[in-house]
S.K.: 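Take a look at the following structure, please.
Letters A, B, ... are given to chains in the order of the sequence lines, protein chains preceding strands, and every chain is numbered from 1.
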2 protein chains.
Amino acid sequence: MTENANDRSLKTTVTTLRIIELLRERDGAGVTEIARELDIAPSTAHTHVTTLESQEYVVKEGETYHLGLRFLGLGNFVRTRKRKFGKAEHYTNVLSEESERRSIFTVEEHGRGVYVHTAPGKHGVWTQSTVGKRVYLHSTASGKAILAHMPAERVREIIDRVGLPKETEQTIHDEEALFDELAEIRERGYALNVEEQISGVRAVGAPVLGPDGGVFGALSVAGPSNRMKGEQFDRLTEVLLGIAEELELSIALS
Amino acid sequence: MTENANDRSLKTTVTTLRIIELLRERDGAGVTEIARELDIAPSTAHTHVTTLESQEYVVKEGETYHLGLRFLGLGNFVRTRKRKFGKAEHYTNVLSEESERRSIFTVEEHGRGVYVHTAPGKHGVWTQSTVGKRVYLHSTASGKAILAHMPAERVREIIDRVGLPKETEQTIHDEEALFDELAEIRERGYALNVEEQISGVRAVGAPVLGPDGGVFGALSVAGPSNRMKGEQFDRLTEVLLGIAEELELSIALS
DNA sequence: TAGTGTTTTCGCCTCTCCCGAATACCAGTT
DNA sequence: AACTGGTATTCGGGAGAGGCGAAAACACTA
C-alpha cells in the first residue's frame, strides 16, 4: 500500500522531491523545519535547498525557502502538452455555465484522479486553486466514471497500489462492491458520488472516451447535496452527458 | 557567467533536474536519448527516470518518459501563492482588451524576467503557452522597467550573474549604456523595447511598484513594429501607464 | 532466424552524499 | 556588553549510495 521495498530509487532525488513537496505544503520553510520534518540533518537539508536554489527552482526570501517560478513553466507545459486538454478546458467552462455548478475535468495518472481544469459554479468564488489536485478514483464521481471504462485488470492494479481508503462513511471500501458499482455506471452512462468524498457534497460524473475506445478523462459537476436532487438533478445529468458527448466528438474530429 | 566551480551542489539532484528540463524541451524522451544528451550512462539515466516515475513526477507512455501532472499542482501553487498575482492577472486582461495588443505581466526571479500572466491581442491566437517563460531583463521592456527601479548594486549583481547577451543588433550589451537607459526610464516613467529582443517587435513596459517602494513587477504590451508607432503609440502608452497605476493602487489597498 | 537498436538488470568500485561538530549569525534579554 | 537560545552555514571524514559497464531481456525489421 505504501512503498517500494527493494528498489533502486535514488535516495538523494527522493529527498529533493520531498523537500519540494514540503515547500508547497508549508508555503515555504526554513532549513531546520525541513530537517525536522523529513528527519534528516540540518546540514543535509541545507545542501539540498541550496542546490535547488542554485538551479533556480527555489528562491530564498529572508530566512525561508520557497518554490520558485520555474514550476510555473513546467506546470504550464504539462497543462498544454496535450491538445485534448485545450478542448477539455473549453467544455469544462461551458458545463459550468450551463449547469451553474462547479465543474471539473479530471484525468487518471498513477492510479489517482488529477483535476486538469476547474470552473466555478454560479455563486463561485471557488476556483482555479484546485487545478492539479489529486483525488482518489473510488470516492469521486469522475474517478468512478473513469474506472468504469478501464480494463478490470487495470482497476485491480490501481486498487493494489492505492487501496480503497474511507473518506466518509459512504465511501466504497470493498473491492467487490466497487466492481458492482462500476458495472452499474457502465450501463447507466454516468457515475454518482453521494457524499462519498466529502459529506454534504454530491456529484455526477461522465466519462470522456477517446476515439480508440480508451478513457481519456471525465467531466463532473458537484454541489451541496440539497441542490443536487429531484428533477433539477435530472436536468443536470442531461446537460452533463450532452456536453461530455460534445467533447468526445470534438476530440475525435481533431 | 555560467557555473559554480567549487560548490557543494548535489550532483544527483542536478542531473535529476536536468532530466526534467530535457523532458520538457523534447516533450518526452527515451532512456538512450537522455543518456546521450546529458552525457551519462544509459543505466544511470534509467535509474533517474524510474525514480521520478516511482515518485509520480513522470509518466511512461510506451517507450518514452514524459513529465507528469504533478507539475500542474506545483505550477498552480506558485502562480496563486501571492495574492498580488491574482490582481495582476486581472489587469493584464484589462490591458489586453483596451490596448488590443498582447499583454504580459512579468516579475523578476534569479535575475531573469518570468512571464506570470499573458493575454493575447485582438488578433490573438497567441496565448497562455508562454506563461512561465524566462527572458532577459536587459532586452525587454518590462525587464528594463523592473531594473530601473532596483538598487544599482542589485542591477550590477544581476549583470554579473547573467550577463548582457545580444539577442538582436539593437540589444544593449554595454553596462554603462544600460545604466544611462535605466535613468531615462525612471524619468520618463516607462520603458521601450525597440526590436532589442526580437526583430520586428516593439514593446512598452511600465513598472508596478509595491507599497514599500520596491518593484513588484511590470506590465507590458507588445506588437509588430509598424503597429507600435506615432500617435497610436502615444495612446497605447497612456493606457498602459493608467492600468499599471490602477494595479499599484489595487495592491496597496489589499 | 539473425540483426540492430533499445531498455533494463546487476555487481562492483569509487566518489558523493550525509552526518556531526564547529562556526557564524541574529534577536532578544539581562 | 555579555549571555542565551535559536537559527543558518561551513567543512572534514566515513559509509553507503550512485554511477558505470557488461550482459541480459526485449522490440522491430529484414
Side-chain angles (χ1 to χ4, degrees), chain A residues 3-23 25-68 110 153 157 161 212, chain B residues 3-68 110 153 157 161:
Chain A
E3 285 314 319
N4 25 5
N6 54 347
D7 68 339
R8 290 188 145 230
S9 303
L10 302 176
K11 211 181 157 187
T12 311
T13 295
V14 171
T15 47
T16 291
L17 296 175
R18 281 234 187 89
I19 289 176
I20 290 173
E21 271 305 311
L22 188 72
L23 292 183
E25 281 164 25
R26 303 276 175 109
D27 193 8
V31 171
T32 314
E33 190 178 355
I34 296 170
R36 195 180 343 106
E37 205 61 25
L38 302 185
D39 202 35
I40 54 179
S43 52
T44 307
H46 182 256
T47 342
H48 274 269
V49 92
T50 48
T51 303
L52 283 168
E53 194 198 7
S54 78
Q55 299 299 311
E56 309 191 348
Y57 280 80
V58 152
V59 285
K60 190 178 174 183
E61 293 176 3
E63 289 295 79
T64 56
Y65 292 87
H66 291 266
L67 293 186
H110 289 292
E153 176 205 3
E157 270 176 37
R161 190 171 296 274
D212 55 348
Chain B
E3 286 314 318
N4 26 4
N6 54 345
D7 68 340
R8 290 188 144 233
S9 299
L10 302 175
K11 210 181 157 189
T12 310
T13 296
V14 171
T15 46
T16 291
L17 297 175
R18 282 234 187 89
I19 289 175
I20 291 173
E21 272 304 312
L22 187 72
L23 291 183
R24 198 201 53 184
E25 282 165 23
R26 301 277 175 109
D27 193 7
V31 171
T32 315
E33 190 178 355
I34 296 170
R36 197 181 340 110
E37 205 60 23
L38 302 184
D39 202 35
I40 54 179
S43 52
T44 306
H46 182 255
T47 352
H48 275 269
V49 93
T50 48
T51 303
L52 283 168
E53 195 199 7
S54 78
Q55 299 301 310
E56 307 190 349
Y57 280 81
V58 153
V59 285
K60 189 179 175 182
E61 293 178 2
E63 289 295 80
T64 55
Y65 293 88
H66 291 266
L67 294 186
H110 289 293
E153 175 205 1
E157 270 174 37
R161 189 172 296 275

S.K.: Taking only residues at least two apart or on different chains, which pairs with a member in residues 35-54 of chain B satisfy salt bridge (charged side-chain N to carboxylate O under 4.0 Å, His left out)?
M.R.: B:R26-B:E37
S.K.: Who passes ring pair (Phe, Tyr, Trp, His ring centres under 6.0 Å) against B:Y57, sequence neighbours left out?
M.R.: B:F71
S.K.: Report the residues that fulfil side chain to side chain contact (heavy atoms under 4.5 Å, CB included) with B:T15, sequence neighbours left out, ordered by chain and then residue number.
M.R.: B:H48
S.K.: Could you note down all residue pairs passing salt bridge (charged side-chain N to carboxylate O under 4.0 Å, His left out) where residues 40-49 of chain B supplies at least one of them, sequence neighbours left out?
M.R.: none
S.K.: Report each atom pair, protein N/O against N/O of nucleotides 23-25 of chain D, whose distance is under 3.5 angstrom.
M.R.:
none

S.K.: I'd like to know if the side chain of A:T13 pairs up with that of B:T51 as donor and acceptor (distance under 3.5 Å, no hydrogens or angles considered).
M.R.: no
S.K.: Measure the distance from CD on A:E53 to P on D:dA8 and round it to the nearest whole Å.
M.R.: 13 Å
S.K.: For every nucleotide of nucleotides 11-28 of chain C, 5' to 3': is a protein heavy atom under 4.0 Å from its base (B), only from its sugar-phosphate (S), or from neither (-)?
M.R.: B----SSSBB--------
S.K.: Using side chain to side chain contact (heavy atoms under 4.5 Å, CB included) as the criterion, list what pairs up with B:S43, not counting sequence neighbours.
M.R.: B:A41
S.K.: Whole angstrom is fine here: how far is it from CZ in B:R36 over to P in C:dG5?
M.R.: 12 Å
S.K.: Looking only at side-chain N and O atoms, does A:H46 come under 4.0 Å of OP1 or OP2 in D:dT9?
M.R.: yes
S.K.: For D:dT7 and A:Y65 - does any side-chain N or O of the residue sit under 4.0 Å from the phosphate oxygens OP1/OP2?
M.R.: no
S.K.: Check side chain to side chain contact (heavy atoms under 4.5 Å, CB included) between A:E56 and all other residues, then give those that pass, not counting sequence neighbours.
M.R.: A:R70, B:H110, B:R134
S.K.: Rounded at 0.5 Å granularity, tell me how far OG1 in B:T12 sits from CG in A:L10.
M.R.: 6.5 Å
S.K.: Return the polar atom pairs (N/O with N/O) between nucleotides 28-30 of chain D and the protein under 3.5 Å, or none.
M.R.:
none

S.K.: Scan for salt bridge (charged side-chain N to carboxylate O under 4.0 Å, His left out) pairs involving residues 12-22 of chain B, sequence neighbours excluded, and state none if there are none.
M.R.: B:E21-B:R24
S.K.: For B:H46, what residues pass the side chain to side chain donor-acceptor pair (under 3.5 Å) criterion, not counting sequence neighbours?
M.R.: none
S.K.: Could you pull out all residues at least two apart from B:E153 that satisfy side chain to side chain contact (heavy atoms under 4.5 Å, CB included)?
M.R.: B:E157
S.K.: Taking CG from B:D7 and C1' from D:dC11, how many angstroms apart are they, rounded to a whole number?
M.R.: 14 Å
